[in-house]
Participant: 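Sending over a structure as structure tokens; questions will come in a sec.
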Amino acid sequence: MAFQTIKGTHDILPEDSTRWQELESIIHDVAVRFGYSEIRTPIFEDTSLFSRSVGEDTDIVSKEMYTWDDRSGGSLTLRPELTAPVARAFIQHNLGSKSPVQRMYYLGPLFRRERPQKGRQRQFHQFGIEAFGSEYPEQDAEIIAVGQTIFSELGLKDFSLKLNSLGSGECRGHYKKALQDYFNPLKNQLSETSQKRLETNPLRILDTKNPEEQKLLAGAPSIADFWTRDDAEHFSNVQDLLSVLDIPFELDPQMVRGLDYYTRTTFEFISGNLGAQDAICGGGRYDGLVEILGGKPTPAMGFAAGMERILMSMEQNGKKIEGNSVYLINLVESARGKALQIANEIRELGFTLTMDTLRRSLKAQLRDANRIGAVKVIIMGDDEIKNQTLQIKDLTTGEQEEIAESDLVKHFAV
RNA sequence: GUGGGCGUAGCUCAGCAGGUUAGAGCACCUGGUUGUGGCCCAGGAGGCCGUGGGUUCAAGUCCCAUCGCUCACCCCA
């Protein structure tokens with residue numbers, strides 16, 4: 001094969017694009033009903049936008065970005081996530097001054113250079129929502145409710161919500177130090193990567209899957225002990241609101257989101273039947289991000305959800321039959337122009353109309369009409385042209401009637 | 001970056017301990033109906049058996065290398 005897609009990238013073929021469109025339409029619909037508006041940002045950005053917000057020591061920034069030097073000197077990067085670009089746009093266009101709460105959602109491709117596996121690609125798609133301006137638990141609950149609503153409207157089964165709070169900025173600082181104090185004496189029992197993280201980002205040790213290290217975690221200090229009173233109250237309010245909304249969740253004090261900018265509430269939606277990569281949605285509060293990127297201090301909360309993973313976890317529902325598809329068969333050479341005109345008349349009435357462009361036999365064209373799921377066929381042959389009539393065949397019943405050419409629009413308009 | 005599994009027709013896969021023109025199902029095309037689909041029947045087209053090298057009288061089959069896909073680790077959506 002001469003050319004094929006780059007490792008970790010995939011074509012979305014015509015036979016699959018309908019499912020994508022359905023997914024997208026539910027996302028648009030639910031987001032808009034919650035009062036969110038779509039934002040579209042460029043596919044690539046200044047590299048430092050990501051390194052500064054996501055964190056130098058994260059896997060994304062340290063080894064997964066597609067980065068190159070621009071001819072004019074700067075360093076550019078294909079976006080590996082979308083919260084930072086949206087925050088950048090929020091600051092750049094001073095959106096905070098247009099209304100006290102900015103609610104936005106987005107949809108599009110992202111790029112991370114990882115080893116592909118089930119549920120992981122190098123180009124993949126996420127949708128997400130972000131709300132800037134409110135620090136209150138209602139905002140947290142609203143964001144989570146949007147996710148919950150979308151997943152249930154998609155008919156997703158077997159998904160669950162995990163919840164944690166990382167506390168506010170200062171609390172994280174104390175907790176970090178406490179973790180370092182705890183792990184430093186045990187340093188030689190830690191893996192090489194964990195030892196590095198002990199220096200740079202000890203929180204990341206918490207989500208290790210190494211059984212040896214998990215044993216050590218049992219005695220480690222818990223984040224909950226470092227929450228400020230406000231942190232604890234905020235988190236407890238979020239939980240209360242979720243309960244009021246009948247959104248089930250479970251607490252997971254071990255859940256540390258991979259990106260540096262998270263504060264307070266963090267959450268993940270997990271799906272069964274996805275294999276090792278089971279998170280379909282992840283998000284949380286990031287009250288410090290806007291300021292880090294040079295904007296006014298602005299509380300914010302959002303999530304991102306993986307569209308491929310969502311589609312994978314949805315049951316493959318069978319092909320829907322097009323309810324209004326028509327197939328036009330013309331067998332007369334001199335009537336080709338006329339056939340095209342008739343085709344357009346039917347299309348103007350709102351029908352999907354397909355025509356053969358291979359000059360095939362009647363039989364072949366009928367077979368084709370059947371294959372694409374056409375409901376009706378219009379047949380133009382020598383007799384019909386001579387008599388100024390048309391045959392209309394109903395493929396669902398097999399019945400066929402002859403109508404006057406002049407009655408065509410009337411026939412389909414009903 | 002590390003490890004496991006797999007590369008045969010468009011798709012899903014057979015191919016016995018190496019042996020002659022490489023198979024099936026589905027899909028596609030034609031005919032059975034001088035102008036009538038689906039079902040059925042008959043026929044047809046479509047393969048450098050991933051690539052390169054080696055062993056052998058003989059390689060889809062064995063060995064080595066390489067490329068690709070896939071699953072998992074790390075981490076994430």
Side-chain angles (χ1 to χ4, degrees), chain A residues 1-10 13 15 54-55 57-64 80-83 107-128 147 191-194 196-197 201 204-211 213 255-259 267-271 274-283 303-313 327 329-332 356 358 360-385 391-400 402:
Chain A
M1 213 169 297
F3 290 106
Q4 57 179 326
T5 48
I6 304 302
K7 183 199 286 285
T9 70
H10 295 282
L13 298 173
E15 62 201 60
V54 175
D57 304 320
T58 59
D59 285 358
I60 291 178
V61 173
S62 63
K63 59 184 192 194
E64 296 174 0
E81 62 109 44
L82 262 162
T83 299
L107 198 78
L110 303 180
F111 307 86
R112 294 183 197 170
R113 200 183 183 292
E114 300 179 86
R115 198 71 167 262
Q117 69 186 70
K118 189 178 173 67
R120 169 180 294 149
Q121 302 169 199
R122 291 183 171 184
Q123 175 173 345
F124 61 104
H125 298 77
Q126 287 187 345
F127 74 88
S191 67
E192 204 177 319
T193 49
S194 287
K196 253 182 232 160
R197 282 175 187 157
N201 191 352
R204 291 282 299 287
I205 300 175
L206 293 181
D207 59 10
T208 181
K209 284 175 190 162
N210 182 327
E213 295 186 355
M255 185 177 64
V256 179
R257 309 277 316 143
L259 309 152
F267 67 95
E268 274 180 16
F269 281 96
I270 306 296
S271 166
L274 273 190
Q277 311 306 324
D278 59 355
I280 53 173
C281 173
F303 72 67
M307 296 173 71
E308 281 84 0
R309 289 187 187 175
I310 288 167
L311 287 170
M312 259 191 289
S313 67
Y327 198 100
I329 296 175
N330 168 45
L331 302 168
V332 185
D356 174 78
L358 287 173
R360 285 183 286 183
S361 68
L362 174 65
K363 182 177 182 161
Q365 293 193 51
L366 275 167
R367 195 163 45 227
D368 203 27
N370 189 63
R371 180 171 31 233
I372 67 169
V375 173
K376 284 194 174 182
V377 176
I378 303 170
I379 301 169
M380 297 168 55
D382 287 319
D383 294 348
E384 287 75 24
I385 294 300
Q391 300 292 335
I392 308 290
K393 177 158 183 156
D394 186 322
L395 288 186
T396 57
T397 63
E399 285 167 19
Q400 183 168 321
E402 183 173 85

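Values below: every heavy atom of this structure, side chains too, minus hydrogens, waters and symmetry copies. The structure displayed is predicted, hence computed values, not measured ones. Letters go in sequence order (proteins before strands), and every chain restarts at 1.
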Participant: Regarding A279(A), tell me which of base, sugar-phosphate or nothing describes its non-hydrogen contacts under 4.0 Å with the strands shown.
Facilitator: sugar-phosphate
Participant: Could you state the NZ-C1' distance from K118(A) to G5(B), rounded to the nearest angstrom?
Facilitator: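 Value for this atom pair: 15 Å.
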Participant: Nearest to the side chain of Q117(A), which nucleotide is it out of A72(B), G35(B), G37(B)?
Facilitator: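 The closest nucleotide is A72(B).
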Participant: Can you tell me the pairing partner of C73(B) across any strand shown, Watson-Crick or G-U wobble, with both distances under 3.5 angstrom?
Facilitator: G1(B)
Participant: P atom, U55(B) versus U61(B): distance in rounded Å?
Facilitator: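 Per the computed distance, 15 Å lies between those P atoms.
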Participant: Write down the partner of U36(B) under the Watson-Crick or G-U wobble criteria, each distance required to be under 3.5 Å.
Facilitator: none
Participant: Kindly check if the number of other-residue, nucleotide or ligand heavy atoms within 6.0 Å of CG (L358(A)) is above 12?
Facilitator: yes
Participant: In whole Å, measure the gap between the P atoms of U34(B) and G15(B) for me.
Facilitator: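 Per the computed distance, 45 Å lies between those P atoms.
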Participant: Can you check the Q277(A) CD to C75(B) C1' distance for me, whole Å?
Facilitator: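 Taking atom C1' of C75(B) as the reference, CD of Q277(A) is at 8 Å.
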Participant: Are the side chains of R122(A) and I6(A) in contact, using a 4.5 Å heavy-atom criterion?
Facilitator: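 Heavy-atom side-chain distance check fails, nothing below 4.5 Å.
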Participant: Need to verify one output field. Residue with the more 5' nearest nucleotide on RNA chain B, L362(A) or D278(A)?
Facilitator: L362(A)
Participant: Nearest-Å distance, CD (Q391(A)) to P (U36(B))?
Facilitator: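 In whole Å, U36(B) P and Q391(A) CD are 12 Å from each other.
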Participant: Measure CE/M380(A) against P/G35(B) and give the value in whole Å, please.
Facilitator: 17 Å
Participant: What distance separates E114(A) CD from E64(A) CD, expressed to the nearest 0.5 Å?
Facilitator: 3.5 Å
Participant: Reckon Q400(A) touches a base, only the sugar-phosphate, or nothing at all at heavy-atom distances under 4.0 Å?
Facilitator: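 Contact class for Q400(A): base.
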Participant: Quantified in whole Å, what is the C1' atom distance between nucleotide G53(B) and nucleotide C48(B)?
Facilitator: 16 Å
Participant: Rounded to whole Å, how long is the line connecting atom NZ of K393(A) with atom P of G35(B)?
Facilitator: 15 Å
Participant: For R122(A) and U70(B), what is the distance between atoms CZ and P respectively, to the nearest whole Å?
Facilitator: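 Spelled out: CZ on R122(A) to P on U70(B) is 11 Å.
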Participant: Now, which nucleotide makes the Watson-Crick or G-U wobble pair with C57(B), with each of the two distances under 3.5 Å?
Facilitator: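 C57(B) is paired with G19(B).
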Participant: Taking only the C1' atom of each, what is the distance from A22(B) to C16(B) in whole angstrom?
Facilitator: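 So the two C1' atoms sit 15 Å from each other.
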Participant: Please tell me which of the listed nucleotides, G35(B), U70(B), C76(B), lies nearest to the side chain of R112(A)?
Facilitator: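 Closest nucleotide among those given: C76(B).
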Participant: Does a side-chain N or O from K7(A) land closer than 4.0 Å to OP1 or OP2 of C69(B), or not?
Facilitator: yes
Participant: Does the side chain of R360(A) get closer than 4.0 angstrom to OP1 or OP2 of C29(B) through an N or O atom?
Facilitator: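 Answer yes for this pair, as a side-chain N or O of R360(A) is under 4.0 Å from OP1 or OP2.
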Participant: Quick one, Y327(A) with L395(A), criterion side chain to side chain contact (heavy atoms under 4.5 Å, CB included). Give me CA distance, side-chain angles, the key distance, then yes/no.
Facilitator: CA-CA 10 Å; Y327(A) 198 100; L395(A) 288 186; over 6 Å; no
Participant: Using a distance-only criterion (donor-acceptor N/O pair, under 3.5 Å, no hydrogens), is the base of G38(B) paired with the side chain of N370(A)?
Facilitator: no
Participant: How many angstroms lie between NE2 in H10(A) and CD in E308(A), if you round to the nearest 0.5 Å?
Facilitator: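 Those atoms lie 8.0 Å apart.
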Participant: For D368(A), report the nucleic acid contact type (base, sugar-phosphate, nothing); a contact means any heavy atom under 4.0 Å.
Facilitator: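 Result for D368(A) = nothing.
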Participant: Could you give the distance from CD1 (I378(A)) to CD1 (I329(A)), rounded to the nearest 0.5 Å?
Facilitator: 10.0 Å
Participant: Indicate, yes or no, whether a donor-acceptor pair under 3.5 Å links the base of C28(B) to the side chain of R371(A).
Facilitator: no
Participant: How about D382(A) and L331(A): do any of their side-chain heavy atoms sit closer than 4.5 Å?
Facilitator: no
Participant: When the C1' atoms of U12(B) and U51(B) are compared, how many Å lie between them, rounded to an integer?
Facilitator: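 These two C1' atoms come out 24 Å apart once rounded.
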Participant: What integer distance in Å separates E81(A):CD from A77(B):P?
Facilitator: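 So the CD-P distance, E81(A) to A77(B), works out to 8 Å.
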Participant: Using a heavy-atom cut-off of 4.0 Å across all strands, would you classify L395(A) as base, sugar-phosphate, or nothing?
Facilitator: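 L395(A): base contact, heavy atoms under 4.0 Å.
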Participant: Determine whether R112(A) and E81(A) make a side-chain contact, defined as any pair of heavy atoms from C-beta on separated by less than 4.5 Å.
Facilitator: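 R112(A) vs E81(A): side chains touch.
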Participant: By the 4.0 Å heavy-atom rule, please label G119(A) as base, sugar-phosphate, or nothing.
Facilitator: base
Participant: Could you tell me which nucleotide pairs with C6(B) by Watson-Crick or G-U wobble geometry, both distances under 3.5 Å, or answer none if nothing does?
Facilitator: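 Per the H-bond distance test, G68(B).
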Participant: Between R367(A) and R115(A), which has a closest nucleotide on RNA chain B that is more 5'?
Facilitator: R115(A)
Participant: Could you tell me the separation between the CG atom of L206(A) and the P atom of C76(B), rounded to a whole number of Å?
Facilitator: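 Rounded to the whole Å, the gap is 12 Å.
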Participant: Which of these nucleotides, C74(B), C28(B), G35(B), is closest to any side-chain atom of K63(A)?
Facilitator: C74(B)
Participant: Using a 4.0 Å heavy-atom cut-off across all strands, classify E384(A) as base, sugar-phosphate, or nothing.
Facilitator: base
Participant: Applying a 4.0 Å non-hydrogen cut-off, can you work out what I379(A) is touching in the nucleic acid: base, sugar-phosphate, or nothing?
Facilitator: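 Base contact.
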Participant: Between C26(B) and A14(B), how far apart are the C1' atoms? Round to whole Å, please.
Facilitator: 15 Å
Participant: Regarding Q365(A), tell me which of base, sugar-phosphate or nothing describes its non-hydrogen contacts under 4.0 Å with the strands shown.
Facilitator: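 The residue Q365(A) makes no contact with any strand.
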Participant: For the side chain of E114(A), starting at C-beta, report the closest nucleotide among U30(B), C75(B), G35(B).
Facilitator: C75(B)
Participant: Could you give the distance separating C57(B) and C11(B) at their C1' atoms, to the nearest angstrom?
Facilitator: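 My reading of the C1' atoms in C11(B) and C57(B) gives 38 Å.
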Participant: Return the nucleotide paired to G44(B): Watson-Crick means purine N1 to pyrimidine N3 with N6-O4 or O6-N4, wobble means G-U with N1-O2 and O6-N3, both under 3.5 Å.
Facilitator: C28(B)
Participant: For the P atoms, the ones on U8(B) and on C13(B), what distance do you get once it is rounded to whole angstrom?
Facilitator: 9 Å
